[in-house]
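Here's the structure, in structure tokens; my notes come after.
The figures that follow rest on heavy atoms only: side chains count, while hydrogens, waters and symmetry mates do not. These figures come from a predicted structure and were not determined experimentally.
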Amino acid sequence: MNFLHIFIFIQTSLNFYYRTPLNSLYFLHRGFLDVSQGEGIIGENLNPASLHFGAKNELVIFGSNGFKTEIDFNIPIGIDSIGGTEIPKYEIPLKLTAEDKGGFDFLGAKTKVGLIDLGISYYNEEIYGANLDLNYLNNISLDLKIKDFLSKEDHPDIPKNVTIPVKIKLEGDGNLIFNGNGTLKSQLSPFNIGASIGFGIIGLGAGINIKRYSGKADLNYDIKGNFQSITLRIDSTFKDNLGRPWNVNISINGPFKDKIFNDKITGDFSGTQFGVVLGAKVQVPLITAGFSFNYNFPFTLSGGIQGLYSYIDGISKYLIDTNNITVDTINRTITGQVNIDSVEFFYNNLEHEILRKSLKFPGLLGLNAGANINLLIINLNLAGGIDLPQGRYAFGKAYFMVSSGFGAGFFHINYGSVFSWRYLKYEDFYLFTPPNVTFGLGSNLNLPFFSLYLGARTTPFLGVLSGIQKIGGQGKRFVNPLKTFAFNFGIKIKI
């Protein structure tokens, strides 16, 4: 009798954390994401033409605090097996912790040399990661139907070259134990250098972007079964491979306590990508518009992430009394009851490559545009951008913003929202992350030698929540805005 192969896929409880500095900074100054609103060193990363519209010398520091919130979810367990097994469905509860790290976000400086404005800036790492800490026990009652077959290997009295297809009912009460721990993390560190030249209301600029990618994985999880008594019942009539009917009525009883599945994922990667950006900005009394495009050159991620998983692939040793099974080859019946005293399994170990070594990424073209309509003390702002892949695969992003504001003289207030996505392209396949939607407001006090910025934001629509729901999880997509509330702050010194 072939042993049942069981494969279990489970989404587990985890702490998901991230940091997206530009989404936070936008509410302090729209120039961080809007190529039409850049001013001096602020916005130089997306549109270096912004350098023309700032003070002669600037030093800018921005930061933010983060937030942490917990959401309850139920995640389905998906089980599959060979042979057409009919599988029950289970769900496990989890507490998902979503955390925005916040912290130091931006440092930049600019100066004017003759007709040319020069700037240099650094953004804090853009981070996505997860920490897994799982120890969950689920009490279940098994009631499975398993398609298998009996042969001479199972009992010496079964004729040679005869196989009897059977449907086994597997029943029993026990526990499934899920254990897991480890970390997954990826980060992006951008560094920018830019220059611009201006002609009154028009600014033109060019810059160099340097992005450092890195990440690591160290994750281990397993699933164990603990059943004091499992009963396998076969009670029906089946036809063997020669077309003859057999009446099978047997019962097998015994314990099960062993590992079912284990997976270990380890590795790291890193790589540096260079890019160029060209931009233009036009500023007239009622309308400000900007456009830029950037091209990130091909680069290679060194390192790799591999996995090694193992699963039960058969019985290596067992002690079973077959004397209580009677095989009648004349009437073609098999009857009896058997107790399993002990059983040992052997496991199949397979490697799987998650991120192959020396992965070469093609170039990536980015387009950004924005416009602002200024009606005396009220203004309306629309902007967005997208990365366009140039090869078989790419890792890019898209974003869209809408905001409004009011103010006069040295004091201004603005408010709006940012929608941002990440996507992965592999050949003709696109995988889009669910969007993060952030709402916020900000104010700035613009004085002769310095400017102060203060803002607040909330992210009630977290992309990770929508992602869990896509795999069948049941829980909240919308979070109380007060639980994802955070502040932004900054200062610009200008001479």
Side-chain angles (χ1 to χ4, degrees), residues 18-47 50 53-54 58-69 98-108 121-127 288 370 372 374 377-385 399-420 435-447 450-462 479-494:
Y18 63 95
R19 179 166 56 215
T20 53
L22 289 179
N23 285 17
S24 302
L25 293 168
Y26 173 75
F27 298 106
L28 292 180
H29 195 296
R30 289 178 291 197
F32 281 109
L33 279 178
D34 179 0
V35 292
S36 73
Q37 292 294 288
E39 182 183 28
I41 191 61
I42 297 176
E44 171 264 348
N45 66 308
L46 290 179
N47 187 0
S50 302
F53 296 91
E58 294 180 357
L59 176 64
V60 177
I61 301 175
F62 282 84
S64 64
N65 74 327
F67 64 81
K68 191 173 183 178
T69 185
E99 181 180 4
D100 184 330
K101 287 290 188 179
F104 162 73
D105 286 333
F106 175 76
L107 175 64
S121 63
Y122 172 78
Y123 290 85
N124 203 359
E125 294 93 347
E126 184 175 335
I127 293 178
T288 303
N372 182 77
N374 190 5
I377 63 171
I378 299 176
N379 61 78
L380 176 64
N381 183 238
L382 298 173
Y399 61 93
F400 174 76
M401 302 89 66
V402 57
S403 68
S404 182
F406 59 91
F410 59 87
F411 183 73
H412 293 267
I413 293 177
N414 62 77
Y415 49 89
S417 59
V418 177
F419 302 77
S420 62
N436 270 20
V437 184
T438 303
F439 301 95
L441 60 87
S443 62
N444 69 80
L445 183 64
N446 190 12
L447 299 175
F450 66 91
S451 296
L452 297 177
Y453 301 84
L454 180 64
R457 71 190 190 280
T458 181
T459 310
F461 294 96
L462 297 175
V479 183
N480 186 336
L482 295 179
K483 292 185 177 181
T484 61
F485 188 79
F487 291 101
N488 313 75
F489 45 86
I491 184 173
K492 176 197 287 187
I493 300 172
K494 50 190 178 179

request  = Take Asn379 and Arg30, measure what side-chain contact (heavy atoms from CB on, under 4.5 Å) needs, and give me the verdict at the end.
outcome  = CA-CA 12 Å; Asn379 61 78; Arg30 289 178 291 197; 2.9 Å; yes

- Query: Okay, side chain of Arg19, backbone of Glu126: is any donor-acceptor separation there less than 3.5 Å?
  - Reply: no

For Tyr123 and Asn45 the tightest heavy-atom approach is OH-OD1, 2.8 Å

Taken to the nearest 0.5 Å, the spacing of Leu25 CG from Arg457 CZ works out to 8.5 Å

Smallest heavy-atom separation, Gly38 atom then Ser50 atom, equals CA-OG, 3.2 Å

Here the pair of heavy atoms bringing Leu447 nearest to Lys494 is O-CE, 3.0 Å

Any chance you could lay out the side chain to side chain donor-acceptor pair (under 3.5 Å) test for Ser64 and Asp105, step after step, and finish with the verdict?
CA-CA 7 Å; Ser64 64; Asp105 286 333; 2.8 Å; yes

Original post:
Do other residues, nucleotides or ligands put more than 12 heavy atoms under 6.0 Å from the CZ atom of Phe411?
Top reply: yes

Asn381 and Ser36 have their tightest heavy-atom pair at ND2-OG, 3.9 Å

Rounded to the nearest 0.5 angstrom, the OG1-CZ distance for Thr438 and Phe27 is 5.5 Å

### Query
Counting heavy atoms not belonging to Phe104, are there more than 12 under 6.0 Å from its CZ?
yes

The reported gap from OG in Ser417 to CZ in Phe400 (rounded to nearest 0.5 angstrom) is 7.5 Å

Query raised in the report: Is a side-chain N or O of Glu58 found less than 3.5 angstrom from the main chain of Ile41, in a donor-acceptor match?
Result: yes

For Ser443 and Ile413, the nearest pair of non-hydrogen atoms, with its separation, is CB-CG1, 3.9 Å

In this structure, OH of Tyr453 is separated from CG of Asn446 (nearest 0.5 Å) by 6.5 Å

For Ser404 and Ile378, the nearest pair of non-hydrogen atoms, with its separation, is OG-CG2, 4.3 Å

So NE2 of His29 and NZ of Lys492: to nearest 0.5 Å the spacing works out to 5.0 Å

Query raised in the report: Taking the six-membered ring for Trp, are Phe32 and Phe62 parallel (under 30°), tilted (30 to 60°) or perpendicular (over 60°)?
Result: perpendicular

Discussion item. Does the plane of the ring in Phe439 sit parallel, tilted or perpendicular to the ring in Phe419? Use 30° and 60° as the thresholds.
Written reply: perpendicular

Here the gap from Met401 atom CE to Leu33 atom CG, rounded to the nearest 0.5 Å, amounts to 4.5 Å

Heavy-atom side-chain contact between Leu107 and Leu59 under 4.5 Å: yes

Heavy-atom donor-acceptor pair, Asn488 side chain to Ser24 backbone, under 3.5 Å | yes

